[in-house]
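Note on naming: letters A, B, ... go to the chains in the order of the sequence lines (proteins, then strands), and numbering restarts at 1 for each one.
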2 protein chains.
Amino acid sequence: MRRIVRNGGNHLITTYHSLNPPTITELSEDPSPLEFMRHVSLNRPFIIRNGARDWKALQRWNANYLCTVMEGQTVNVATTPLGNADSVIHLPSSPSSPRGKDEKAIFVKPHETTSPFTTALQQIQAQELHPETHSSSPTHYLQTQNDNLRNEYTSLFTDVPQSIPFARIALNQDPDAINFWLGNSSSTTALHKDNYENIYVQVTGKKHFVLLPPVEAACVNEKAVLAATYTPRPTTTTSDSSGTGVTTLDPDLRTTHLVIRVDDPNQYIPFATWDPDTPSHNPTPYSHLSRPLRVTLNEGDMLYLPALWYHKVSQSCSDEGICCAVNYWYDVDFAGGFWSMANFVRGREGGTERRRRNDKRRKMER
Amino acid sequence: MRRIVRNGGNHLITTYHSLNPPTITELSEDPSPLEFMRHVSLNRPFIIRNGARDWKALQRWNANYLCTVMEGQTVNVATTPLGNADSVIHLPSSPSSPRGKDEKAIFVKPHETTSPFTTALQQIQAQELHPETHSSSPTHYLQTQNDNLRNEYTSLFTDVPQSIPFARIALNQDPDAINFWLGNSSSTTALHKDNYENIYVQVTGKKHFVLLPPVEAACVNEKAVLAATYTPRPTTTTSDSSGTGVTTLDPDLRTTHLVIRVDDPNQYIPFATWDPDTPSHNPTPYSHLSRPLRVTLNEGDMLYLPALWYHKVSQSCSDEGICCAVNYWYDVDFAGGFWSMANFVRGREGGTERRRRNDKRRKMER
């Protein structure tokens, strides 16, 4: 009786690509719920060109309208020095690193502040439209990802549908989160995946997606990376009357001089450390097998981004210096075989996936 | 940076079971195409009790009717000594086995003959109804699995639907094969899987299914097993006028004294060697994690058996001593991630799967 030898990821990835097209499916109109369910079943993305043409947001959303509707409201702002929210950066190795840990890579989260919406919008525009005077400015991105369009931005929610009909019917559920995104071309979202079926609609500007299927998990060099947060640099130390040391911040530097502070207690986040746009850095033996799908969403385009697909997202602005999008997250069905197998392929449980932030209902983290 | 260690199949199987119910879903009526597609997407089985109640076959098919309709027609018959068509049997090890091969296990195919339908039916009934006089008889099973209901048994095809409406609409295809099955309680179909979405309908008697999801591949101890075929034992050797040695057969023993003949040239078939009904024989370190679903189909019941599920099938007869069923095979969609990942989990390409026999369009064997 011959022993059967387990295939490597090599065979998995090449088999997958031999059975799937090298391009993304383009639809000219909404799929029926059944047609959509076939895409969900295959876990394959599609784009509907101009699929959101009838949305009020497509007609209305520009800088002036957004400022008018959001007048007087305070919003959360993610601030980073280089537009690299939720990304891995690589530092020189420290000889004092604990044995067995290579802490060259750090997963760094943005500095989160609050700001009047109009101020944040103006900062985003200014960096885009006047780069000569904003070369050292930090990058601001409104991207709370916590169902913010039904909360912080509820004033704008009437301009978009409450759900995507074909997805709602097919998946038999309402969206778990609807997110509003506003940034400029300085922001890039690093390669990651979500435990959600995602319908993504571009409203102003363009989004550039790089998409990798879940079977390419072995390509992305996912590692447990030390978590850190961008933090304003402390500039003065004074003593209060009790004699306790208190660190204060120079208000003028609050958002311009950001340093990386390792989270305390230490935490390791599984995250992709390979980037398909710089494929010679941090590759695995499988990375050369990756066949990224690349697609640009123009204003009004709608993307179905299936659960567990790795995606890297960059953006281009409208003439007004903004890039604005909305996405609908529907819960993935953890039952059946797909999710379990995708995690087996990935080699461990847990998550590079983005989750709704500040949400009590944490997505399943296995 | 911590290394992430690949999970074993252990975690895959326990995760799967923690996310899926331990019983089969029972529906009281046909699902809509969308509802069916959700089951396909999850790769989870269901049963519709009495789902075929309106089929003409349910009203008509009994021994007398079948004989009348099939009068004068010759059919293919699978004959085995113990009702073990397409199964693995275990022989004592031979000291002369080639190095590296343990040929204790043999995958043995039935002896295939042709017979008038009425003769085959009577043999099947006689073995079931008069075991005292047929204890040494071989077992006959009409189970060609080559779309026989639209060919050999076309006279009976008008008694069943040409397709299953919810499956045809959801999968957007007609069945690749529709198979007629007629046997008795002596026949058991060994644990195997098919590259098909399968709708199985019991017409007379009962079928007892044991079902294992594709993630349990590590439980079934699949091995490449030497292929053989049951063959009538040669009894006399004579010489013809040319002096060439010719082997002839005793006609009376043609189907009663079957011996195993290894196929020439040798061929190895990947096949499950663990049986959930005798779990202490040939287990793997994962077999104890298996949680077989067991379901009995009564007359009129319809089972959706998803692609790649392992299934073992035994049967009970009607009062007439027959067990009769029909199944519809719809092509599995090899695109998307599920099929590729299921084969990765399984550890090799290729097939324990049953295929349409004698079919030029071989199912994909990767």
**Complete:** Per ring pair (Phe, Tyr, Trp, His ring centres under 6.0 Å), B/Tyr200 is matched among B/Trp329, B/Tyr330, B/Phe209 by B/Phe209
**Message:** Show, in sequence, the C-alpha distance, side-chain angles and deciding distance for B/Ser87 and B/Phe271, and conclude whether the side chain to side chain contact (heavy atoms under 4.5 Å, CB included) test is met.
**Reply:** CA-CA 8 Å; B/Ser87 66; B/Phe271 210 82; 5.5 Å; no
**From A/Phe338 atom CZ to B/Tyr16 atom OH, the distance as rounded to the nearest 0.5 Å** = 14.0 Å
**Asked** How would you list, in number order, the residues of residues 30-46 of chain B that have a heavy atom less than 4.5 Å from chain A?
**Response**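 So far as heavy atoms go, B/Pro33, B/Leu34, B/Met37, B/Arg38, B/Val40, B/Ser41, B/Leu42, B/Arg44 are the residues that approach chain A to under 4.5 Å.
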**Asked** Yes or no on side chain to side chain contact (heavy atoms under 4.5 Å, CB included) for A/Tyr328 and A/Tyr196, after CA distance, side-chain angles and deciding distance?
**Response** CA-CA 9 Å; A/Tyr328 295 71; A/Tyr196 284 109; over 6 Å; no
**salt bridge (Lys or Arg N to Asp or Glu O under 4.0 Å) involving B/Lys109 - partner list, sequence neighbours excluded** = B/Asp263
**Nearest atoms (heavy-atom pairs only) where B/Ile24 meets B/Leu293** =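 Looking at all heavy atoms of both residues, the shortest contact is N-CD2, 4.1 Å.
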